Colleague: 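Before we start, here is the structure in question, set down as structure tokens.
Remember, predicted model here, so these are calculated numbers, not experimental data. We count residues from 1, following the sequence as given. The figures that follow rest on heavy atoms only: side chains count, while hydrogens, waters and symmetry mates do not.
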Amino acid sequence: MDYAARLSGEFHLNPAHVGAVVKLLDEGNTIPFIARYRKEMTGAMDDQVIREVAERLDYLRNMDKRREEIETALRNLDVQDEALYAKLASAATMTELEDLYRPYRPKRRTRAMIAREKGLEPLAQWLLEQKPKCDVQAEAAKYIDAEKGVEDAQQALEGAKDIIAEQVSDDAALRKDVRELLMREAVLRSVKAKDEDSVYSMYYDYKEPVATLVSHPHRVLAVNRGEREEFLKVTVEPPVEKCVALVRKNYVRETAASLFNPGANAPANSAFAKAFAKALANSAASGPSDASAYVEEACDDAWDRLLYPSLEREIRNELTDRANAGAIKVFSDNLHQLLMQPPIKGKVTLGVDPGFRTGCKLAVIDENGKVLETGVGYFTLPIHENKKAEAARFIIGCARKYNITAIAIGNGTASRESEQFIVSLLPQLPGAAYMIVSEAGASVYSASKLGAAEFPDFDVSLRSAVSIARRMQDPLAELVKIDPKAIGVGQYQHDLKQNELTAALDGVVEQCVNAVGVEVSTASAELLSHVAGIGPALAKNIVAYREENGIPSRAALKKVPKLGPKAYEQCAGFLRVNGSRNPLDATGVHPESYDAAKALLEKLGLDVKDIRNGGIPDVEIKAEAYGKAKLAEEIGVGLPTLQDILSELKKPGRDPRDDVPAPVLRKDVMDMKDLKPGMELTGTVRNVIDFGAFVDIGVHQDGLVHISRMVNRFIRHPSEVVKVGDVVKVWVVEVNEQKKRIALTMLPPKSGN
């Protein structure tokens with residue numbers, strides 16, 4: 001197969017660019033490297049498109065591998081049907097391939113197999129011909145054979161019908177037609193499985209067309225979970241009459257003759273195709289055939305016993321697969337936005353891991369995440385009243401000693417009480433403000449081998465306090481230490497295909513880490529492991545080499561054990577070495593373009609040292625004046641690479657997260673009981689799901705903005721309007737303190753909401 005041509009057609013991309021992507025991937029290049037440093041070859045295709053092309057390429061190659069396996073199996077069975085092989089060659093999906101192979105695939109012992117063993121296949125073919133004025137009983141009597149277990153004509157006919165039913169069920173063209181009909185017109189139905197209230201009560205008597213469920217994957221996942229937990233019984237209700245008619249018209253002579261020209265819709269299997277063609281050829285001038293009634297019964301049996309149960313499973317699987325893909329996409333988008341949240345730079349931070357009985361663990365870290373001091377404060381229970389003054393002295397003392405200006409409070413148990421206590425101290429902490437930080441995954445990190453290795457002398461809660469503070473300072477650097485599935489920005493993540501989810505989320509982490517770049521002199525091994533071309537083993541080697549020898553330049557990376565030329569090529573551009581003698585080492589300019597960058601600077605009358613003090617603000621203006629096309633040609637690079645070099649020289653090591661509004665730091669405290677309908681608030685989007693978005697409004701219970709309350713226009717998904725980390729203005733619609741639910745709207749009150 002010409003994969004480049006196929007992929008370029010599917011993605012509407014230039015075939016040469018797609019071909020280059022395929023070649024680069026096959027050569028072992030990483031997606032971040034291809035997207036950033038091979039733009040001339042790929043037409044500046046972004047990393048997300050390259051990732052989708054790569055995934056589709058894998059699918060097509062796996063499908064071709066399966067195609068070869070099926071063809072080999074058929075040749076081994078001595079199947080001499082060139083039309084079948086032609087259909088295999090043109091099949092566009094795995095489902096089509098499996099449908100074509102279905103009649104020949106090894107099966108468990110079936111009724112049709114037993115009937116064939118009794119010698120009844122000729123009778124089945126004779127019935128299918130549906131000859132006019134035939135004597136069915138007399139023909140069936142010819143097959144009576146007590147030794148084979150055929151006691152009478154009726155048993156012979158039943159066995160023949162079993163053979164026809166299986167052939168009908170295995171007909172690839174028919175299965176495709178019925179499957180498409182079900183996808184268009186079937187209805188998913190769920191009813192309660194037991195008289196017990198549950199979170200699935202809205203699905204206790206629920207119907208929705210399969211066609212619309214495709215656009216609402218969260219409902220599919222909810223129904224699946226309810227069924228798995230035995231609260232729901234779920235079925236696919238088909239348009240039975242249409243399905244039965246569709247099956248019959250493919251095989252019953254009278255039905256087919258009234259709807260089709262002879263031979264227009266003959267079955268796929270060659271032997272039955274010939275028999276059916278004879279039936280159609282005889283239909284015009286003949287009367288009804290007694291055999292047709294038996295063929296009709298076989299078709300009805302095929303639908304009830306074989307086709308419908310099989311296709312119901314396929315439809316359920318198809319819905320689940322689509323829901324799985326949709327949920328992974330939502331999770332991936334949310335994770336990307338979370339990881340790309342802007343860091344709160346230059347602030348000494350106090351991390352608070354709230355607790356009741358064991359107190360709140362406290363950790364002070366400097367601007368770079370280094371732990372300065374730790375402690376425990378008791379201030380969340382009434383019995384702690386006499387210890388509050390001691391906790392206050394510790395916090396105020398640390399604030400003055402280290403100049404704390406930011407406080408990160410975990411949102412777990414005792415978070416409300418911790419917030420109230422911290423807010424009461426703010427008047428004595430000049431310039432300090434706080435933020436409630438999601439603890440999702442903090443306990444996972446704290447109890448992990450990585451957490452133990454990083455802080456072997458800290459207990460688990462103290463590690464959590466450090467993690468909470470660091471994830472406010474630099475979410476990306478801290479959250480890469482945690483399994484993405486534990487971060488809590490998805491929906492039904494435990495119900496998804498874990499291998500696919502892991503691959504997608506790992507791709508997101510890789511994309512974010514490489515988009516930001518990594519300072520090699522301070523980065524953790526976990527962060528380094530996500531840099532293009534570097535895995536966990538190489539990351540550990542880099543850290544070990546750094547601790548022993550230091551890494552004064554990018555070139556020094558070549559001395560790291562097992563970091564060969566290919567790995568260096570892939571990772572070098574994403575690693576920053578601030579303080580290197582070569583200023584370009586602190587930029588996103590790849591070492592392979594250093595000569596071009598120096599030549600560019602020389603032609604513009606500049607020096608590479610000019611980029612040390614925050615970059616060269618007017619470098620692009622000078623390049624425009626010189627002529628970018630001329631400049632690119634003279635220094636030997638393409639325009640996309642030239643533009644990237646100019647951007648880096650203008651602002652070396654630019655962090656794309658700086659373009660995003662900073663998180664909201666607070667100085668006051670609110671409680672759920674303070675909320676009133678119509679109240680205007682500012683909040684931060686914490687999670688985006690299929691039916692809305694959860695917004696942190698500072699009351700320890702995120703409010704839900706339903707998709708219908710986001711904008712005054714139709715949108716297919718909330719992600720069209722908001723993303724994780726967005727700071728939004730909302731109004732309170734309803735508060736239910738008992739159920740801890742807050743309904744919000746992003747539509748101003750004047751709009752009638």
Colleague: Using only atom types and a distance under 3.5 Å, with no angle test, would you say the side chain of Asn324 pairs donor to acceptor with the backbone of Lys497?
Modeller: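 Yes, the answer is positive, given that a donor and an acceptor are paired below the 3.5 Å cut-off.
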Colleague: Please check if any side-chain donor atom of Gln137 sits under 3.5 Å from a side-chain acceptor atom of Asp135, or the reverse.
Modeller: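 Note: Gln137 and Asp135 side chains miss the donor-acceptor criterion.
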Colleague: Before you tell me yes or no, could you show the steps for Leu7 and Leu60 under side-chain contact (heavy atoms from CB on, under 4.5 Å), namely the whole-Å CA-CA distance, both residues' side-chain angles and the distance that decides it to 0.1 Å?
Modeller: CA-CA 9 Å; Leu7 292 166; Leu60 293 176; 3.8 Å; yes
Colleague: Side chain of Tyr3, backbone of Val18: donor and acceptor closer than 3.5 Å?
Modeller: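 Absent.
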Colleague: Evaluate the side-chain proximity of Pro718 to Asp690: yes if any heavy-atom separation is below 4.5 Å, no if none is.
Modeller: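 In short, these two side chains do not touch, never coming nearer than 4.5 Å.
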Colleague: As a quick check of understanding, evaluate side-chain contact (heavy atoms from CB on, under 4.5 Å) for Leu335 and Val724, giving each step before the final call.
Modeller: CA-CA 8 Å; Leu335 178 63; Val724 170; over 6 Å; no
Colleague: Taking atom CZ of Arg228 as the centre, does the number of heavy atoms from other residues, nucleotides or ligands within less than 6.0 Å exceed 12?
Modeller: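 Enclosed: over 12 neighbouring heavy atoms sit under 6.0 Å from CZ of Arg228.
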Colleague: Is it true that atom NZ of Lys65 has more than 12 heavy atoms of other residues, nucleotides or ligands lying nearer than 6.0 Å?
Modeller: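 Counting neighbours around NZ of Lys65, 12 or fewer heavy atoms of other residues, nucleotides or ligands fall under 6.0 Å, so no.
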Colleague: Run through Val252, Val244, Leu307, Asn250 and flag the one making a side chain to side chain contact (heavy atoms under 4.5 Å, CB included) with Cys299.
Modeller: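 With Cys299 as partner, side chain to side chain contact (heavy atoms under 4.5 Å, CB included) holds for just one option, Val252.
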Colleague: Output every pair passing ring-ring contact (aromatic ring centres under 6.0 Å, His included) with a member in residues 218-243, not counting sequence neighbours, ordered by first then second residue.
Modeller: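 Output for this query lists Tyr200-Phe231, His218-Phe691.
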Colleague: Between the side chain of Asp483 and the main-chain N/O of Ala486, is any donor-acceptor distance below 3.5 Å?
Modeller: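 Not at all, since once roles are kept as given, no pair shorter than 3.5 Å links the two residues.
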Colleague: Kindly say whether Glu297 contributes a backbone atom to a donor-acceptor pair with the side chain of Asp301 at under 3.5 angstrom?
Modeller: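 Such a contact is absent between Asp301 side chain and Glu297 backbone.
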Colleague: Tell me whether Thr745 contacts the main-chain N or O of Arg709 through its side chain, where contact means a donor paired with an acceptor under 3.5 Å.
Modeller: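 Yes, Thr745 side chain to Arg709 backbone: donor-acceptor pair under 3.5 Å.
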Colleague: Here's one to test your reading of the geometry: is the NZ or CZ of Arg225 within 45 degrees of the ring axis of Tyr203 and under 6.0 Å from its centre?
Modeller: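 That pair does not qualify as a cation-pi contact.
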Colleague: Do the side chains of Asp64 and Arg6 get close enough for a salt bridge, i.e. N-O under 4.0 angstrom?
Modeller: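 Salt bridge between Asp64 and Arg6, a charged N being under 4.0 Å from a carboxylate O: no.
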Colleague: Can you tell whether the side chains of Asp99 and Arg102 come within less than 4.0 Å, N to carboxylate O?
Modeller: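 Here Asp99 does not pair with Arg102 in a salt bridge, since their nearest N and O are not under 4.0 Å apart.
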Colleague: What I'd like to find out is whether the side chain of Gln125 reaches to under 4.5 Å of the side chain of Leu128, using heavy atoms alone.
Modeller: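 With C-beta onward as the side chain, the pair stays apart.
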Colleague: Any carboxylate oxygen within less than 4.0 angstrom of a Lys/Arg side-chain nitrogen, looking at Lys329 and Asp333?
Modeller: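 Salt bridge: yes.
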Colleague: Mark yes when over 12 heavy atoms from residues, nucleotides or ligands other than Asn499 sit less than 6.0 Å from its CG; otherwise mark no.
Modeller: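 No, not enclosed.
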Colleague: Indicate yes or no for a side-chain donor-acceptor contact from Glu734 to the backbone of Ala743 under 3.5 Å, with no hydrogens or angles considered.
Modeller: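 No; judged by distance alone, with no hydrogens or angles, the pair does not exist.
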Colleague: Test salt bridge (charged side-chain N to carboxylate O under 4.0 Å, His left out) on Asp177 and Lys249; report intermediate values, then the result.
Modeller: CA-CA 12 Å; Asp177 290 343; Lys249 80 180 181 184; over 6 Å; no
Colleague: Do Tyr104 and Ile70 have side-chain heavy atoms sitting under 4.5 Å apart?
Modeller: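 No - every pair of side-chain heavy atoms lies 4.5 Å or more apart.
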Colleague: Can you find a pair of side-chain heavy atoms, one from Pro238 and one from Tyr308, that are under 4.5 Å apart?
Modeller: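 Pro238 vs Tyr308: side chains touch.
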Colleague: Decide yes or no for Leu319 and Val214: does some side-chain heavy atom of the first lie under 4.5 Å from some side-chain heavy atom of the second?
Modeller: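 A side-chain contact under 4.5 Å exists here.
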Colleague: Decide yes or no on side-chain contact (heavy atoms from CB on, under 4.5 Å) for Leu74 and Leu84, but give the supporting numbers first.
Modeller: CA-CA 10 Å; Leu74 292 175; Leu84 173 61; 3.9 Å; yes
Colleague: Quick one about Arg179 and Thr95 (side-chain donor to acceptor, distance below 3.5 Å, no hydrogens or angles considered), yes or no?
Modeller: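 There is no such pair (donor and acceptor under 3.5 Å, judged by atom type) between the side chains of Thr95 and Arg179.
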Colleague: Are the side chain of Tyr59 and the backbone of Met94 linked by a donor-acceptor contact shorter than 3.5 Å?
Modeller: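 Side chain of Tyr59 to backbone of Met94: a pair is present.
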Colleague: In plain terms, say whether Glu318 and Arg322 are close enough for a salt bridge, that is, a side-chain N and a carboxylate O under 4.0 Å apart.
Modeller: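 A salt bridge links Glu318 with Arg322.
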Colleague: Assess whether a salt bridge exists between Glu227 and Arg316, defined as any Lys/Arg side-chain N lying under 4.0 Å from an Asp/Glu carboxylate O.
Modeller: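 Counted as a salt bridge, because a side-chain N and a carboxylate O are separated by less than 4.0 Å.
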Colleague: Stepwise, does the side-chain contact (heavy atoms from CB on, under 4.5 Å) test hold for Leu157 with Leu127?
Modeller: CA-CA 9 Å; Leu157 288 169; Leu127 285 173; 4.1 Å; yes
Colleague: Do Trp126 and Val136 have side-chain heavy atoms sitting under 4.5 Å apart?
Modeller: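 They are in side-chain contact.
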Colleague: Check side-chain contact (heavy atoms from CB on, under 4.5 Å) between His17 and all other residues, then give those that pass, not counting sequence neighbours.
Modeller: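 His17 satisfies side-chain contact (heavy atoms from CB on, under 4.5 Å) with Asn14, Met45 only.
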Colleague: So, Arg67 side chain and Leu88 main chain: donor-acceptor pair closer than 3.5 Å or not?
Modeller: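 Judged by distance alone, yes, a pair lies under 3.5 Å.
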Colleague: Is Lys161 salt-bridged to Glu158, cutoff N-O under 4.0 Å?
Modeller: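 Salt bridge present between Lys161 and Glu158.
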Colleague: Can a donor-acceptor pair be found, under 3.5 Å and without considering hydrogens, that links the side chain of Asp152 to the backbone of Gln154?
Modeller: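 At least one qualifying donor-acceptor pair exists.
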Colleague: Taking side chain to side chain donor-acceptor pair (under 3.5 Å) as the test, write out the residues that go with Glu96, two or more places apart.
Modeller: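 Counting only residues at least two positions away or on another chain, Glu96 forms no side chain to side chain donor-acceptor pair (under 3.5 Å).
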Colleague: Treating Asn334 as the side-chain partner and Val688 as the backbone partner, does any N or O pair qualify as donor plus acceptor under 3.5 Å?
Modeller: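 Indeed, once roles are kept as given, a pair shorter than 3.5 Å links the two residues.
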Colleague: Does a side-chain N-to-carboxylate-O contact under 4.0 Å join Arg305 and Asp162?
Modeller: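 The answer is yes: the pair qualifies as a salt bridge.
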Colleague: Any side-chain heavy atom of Val49 sitting closer than 4.5 Å to one from Leu13?
Modeller: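 In contact.
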Colleague: Could you tell me whether Arg189 and Asp205 make a salt bridge, using a distance below 4.0 angstrom between a side-chain N and a carboxylate O?
Modeller: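 Salt bridge present between Arg189 and Asp205.
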